[in-house]
Visitor: 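Dropping a structure here in structure tokens format, bear with me for questions.
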Amino acid sequence: MKPKPFPPLPPRPPQITANLDWHPLTNPWTRSTTTPASRSSLPKPSPFSTPSSTNPSLPYPLFFCSSKHDILALDTVGLLKAVDVAGDWERAAILFEWLIKNEEKVEAPAIEVIVRALGRESQHSLACKLIDSIPLENYELDIRAYTTLLHAYARSSKYQRAVKLFAQVKAKGLQPTIVTYNVMLDVFSKMGGSWTKILGLLDEMREKGLEFDEFTTSTVISACGREGLVDEAVEFFEKLKSQRFSLGTVTYNAFLQVFGKAGNLPQALRVFREMEERGCSRDAISYNELIATNVRAGFCEEGAALLDTMASKGITPNSVTYTTLIAGYGRAGKVEEALSLLHQMKALGYIPSVCTYNSVLGMLVKKSRTKEMLQILGQMRSDGCVPNRVTWNTMLAMCGKRGMEQYVSQMFVEMTNCGIEPDRDSFNTLIAAYGRSGSCDRAMKLYEEMTEAGFCLLLQLTTLF
DNA sequence: CTAGGGTTAG
């Protein structure tokens, strides 16, 4: 049976999304819109789309396309700096990639410049990609450049590589700074299962006479929050207090989360009050943590009432505040309350995030309210909100509902067309959906087809425009 | 001056 076309979504107003992970050509959500105007008139090729560096069709400046000797005569570092200073990190990246391919050895200062430029622009995955094609061990960079790189690895979830690089840096005899240590604490915190490593780093810092700062303490405590190490967090926190360390909002917020994650509302409340007693200002994140803790404990109404408290204290909620409450109502099965909060936040001018929409969509799927889901999807699109893998998996789940089975394959194809790589959850959902309509092994067959079609390649090409 | 931390969704 040939599936009917997917029910049309409401039209999308002209809107521009600047998400580089989003493919404008293959994505039906943005396909109809115009590409954002470039800063310069030249098209910007992806640094990864150049199989041959001598391809004359590439829109490089003239000197770029001329012979190797000409480029060697140039001050390449100065050129890279100039491009960077002009604020054009995309061109800087292209130039840098060209240098990697065409110079005998890229100069260390060039690496420092590109690392700094991409770090400043939060282009962490691009920084990792560019640097990974360089034999870094043959260089000695500035400690700040190494620190930025370590941070880029942390943000790209390449924890092992960060650990390796950190060891290399120390082996070179370079002195890590407080910032380097803080970044490594963050690496181990996000990597998980590394509490002893964290303690080791702290000892190292003390040995070197490096004083902890707010970044150190908040990172360590948030590691405890992630790992559920309540006692360890309390011990660390009390020690800081006894040493009269000045504890700021971020550290207190991390501490608040330790109890929040542990489901300990009374302790979270105690910490929240302590902030006020000690003159530590509470911000939206403090309130978000407290709201989340209430919601986890099943107190949705109390959480929602904190919105008024925030207003009375002059603290502006954000989309996270609303998402926390909406998701809470969703999990509690209180669909109307959740939808009304979504409506309220939009009416007040808050922009729902992809997380906000995902929690609403997930709730509606659970209740099999597919018609309302399509409505929300339409809103999402008209907001210019880019669906991510969670959204697509939720839409796949929607197709597993009665009467929607026929859309499963189409949904899966569109998901991969959009450059979203299916995860285990996608396949579980897919198999469940196919299970309803008949053939179970169609999911795997489809997966093989899709990988062969090379949708991974698509991802590579979309990193830059 | 330059490099770093805390909140939300399946």
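First the proteins, then the strands, lettered A, B, ... as listed; each starts at 1.
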Visitor: Determine whether any donor atom in the side chain of A:T177 lies under 3.5 Å from an acceptor atom in the base of B:dA3, or the reverse, and answer yes or no.
Guide: yes

Visitor: Regarding A:T249, tell me which of base, sugar-phosphate or nothing describes its non-hydrogen contacts under 4.0 Å with the strands shown.
Guide: base

Visitor: Would you indicate which nucleotide in B:dG10, B:dT7, B:dG5 comes nearest to any side-chain atom of A:N288?
Guide: B:dT7

Visitor: It should be established whether A:R331 places a side-chain nitrogen or oxygen under 4.0 Å from OP1 or OP2 of nucleotide B:dA9.
Guide: yes

Visitor: Given A:N288, which of A:D283, A:T324, A:T323, A:N318 fulfils the side chain to side chain donor-acceptor pair (under 3.5 Å) condition?
Guide: A:N318

Visitor: Tell me which nucleotide among B:dA3, B:dG5, B:dT7 gets nearest to the side chain of A:V320.
Guide: B:dT7

Visitor: To the nearest angstrom, how far is A:F166 atom CZ from B:dA3 atom P?
Guide: 19 Å

Visitor: Looking only at side-chain atoms of A:V354, point me to the closest of B:dA3, B:dG10, B:dA9.
Guide: B:dA9

Visitor: Counting side-chain heavy atoms from C-beta on, which of B:dA9, B:dA3, B:dG5 comes nearest to A:R144?
Guide: B:dA3

Visitor: Near DNA chain B, counting only heavy atoms under 4.0 Å, which residues of residues 219-243 of chain A show up?
Guide: A:T219, A:S222, A:R226

Visitor: Determine, step by step, whether A:F237 and A:Y252 satisfy the side chain to side chain contact (heavy atoms under 4.5 Å, CB included) criterion, reporting the C-alpha distance in whole Å, the side-chain angles of both residues, the deciding distance to 0.1 Å, and the verdict.
Guide: CA-CA 9 Å; A:F237 196 83; A:Y252 260 104; 3.5 Å; yes

Visitor: Given B:dG10, B:dA3, B:dA9, which nucleotide is nearest the side-chain atoms of A:N393?
Guide: B:dG10

Visitor: Of A:V77, A:L80, A:V113, A:L99, which meets side chain to side chain contact (heavy atoms under 4.5 Å, CB included) against A:E107?
Guide: A:V77

Visitor: Is any side-chain N of the basic residue among A:R206 and A:D203 closer than 4.0 Å to the acidic one's carboxylate O?
Guide: yes

Visitor: Counting distance only, does the side-chain N/O of A:T249 pair as donor-acceptor with the main-chain N or O of A:S281 below 3.5 Å?
Guide: yes

Visitor: Using a 4.0 Å heavy-atom cut-off, does A:D213 contact any base of the nucleic acid, only the sugar-phosphate backbone, or nothing at all?
Guide: base

Visitor: Could you tell me how far apart A:I131 (CD1) and B:dA3 (C1') are, to the nearest whole angstrom?
Guide: 15 Å

Visitor: For A:E289 and B:dT7, what is the distance between atoms CD and P respectively, to the nearest whole Å?
Guide: 6 Å

Visitor: Determine: side-chain N/O of A:K366 to OP1/OP2 of B:dA9, distance under 4.0 Å, yes or no.
Guide: no

Visitor: If I take atom CG in residue A:L210 and atom P in nucleotide B:dA3, what distance separates them, rounded to the nearest angstrom?
Guide: 19 Å

Visitor: Separation of A:Q257 atom CD from B:dG5 atom C1', in whole Å?
Guide: 12 Å

Visitor: What is the distance, rounded to the nearest whole Å, between atom CZ of A:R155 and atom P of B:dA3?
Guide: 14 Å

Visitor: Output the rounded distance in Å from CG (A:N388) to C1' (B:dA9).
Guide: 8 Å

Visitor: Using whole Å, what does the distance between atom C1' of nucleotide B:dG10 and atom CE of A:M395 come to?
Guide: 12 Å

Visitor: Would you kindly check whether a donor in the side chain of A:D423 faces an acceptor in the base of B:dG10, or vice versa, at under 3.5 angstrom?
Guide: yes

Visitor: Checking the side chain of A:E214 only, and the main-chain atoms of A:G248 only, is there a donor and an acceptor separated by less than 3.5 Å?
Guide: yes

Visitor: Search all heavy atoms of A:L364 against all heavy atoms of A:I376 and return the closest pair with its distance.
Guide: CD1-CG1, 3.8 Å

Visitor: When the ring centroid of A:F236 is compared with that of A:F255, is the distance short of 6.0 Å?
Guide: no

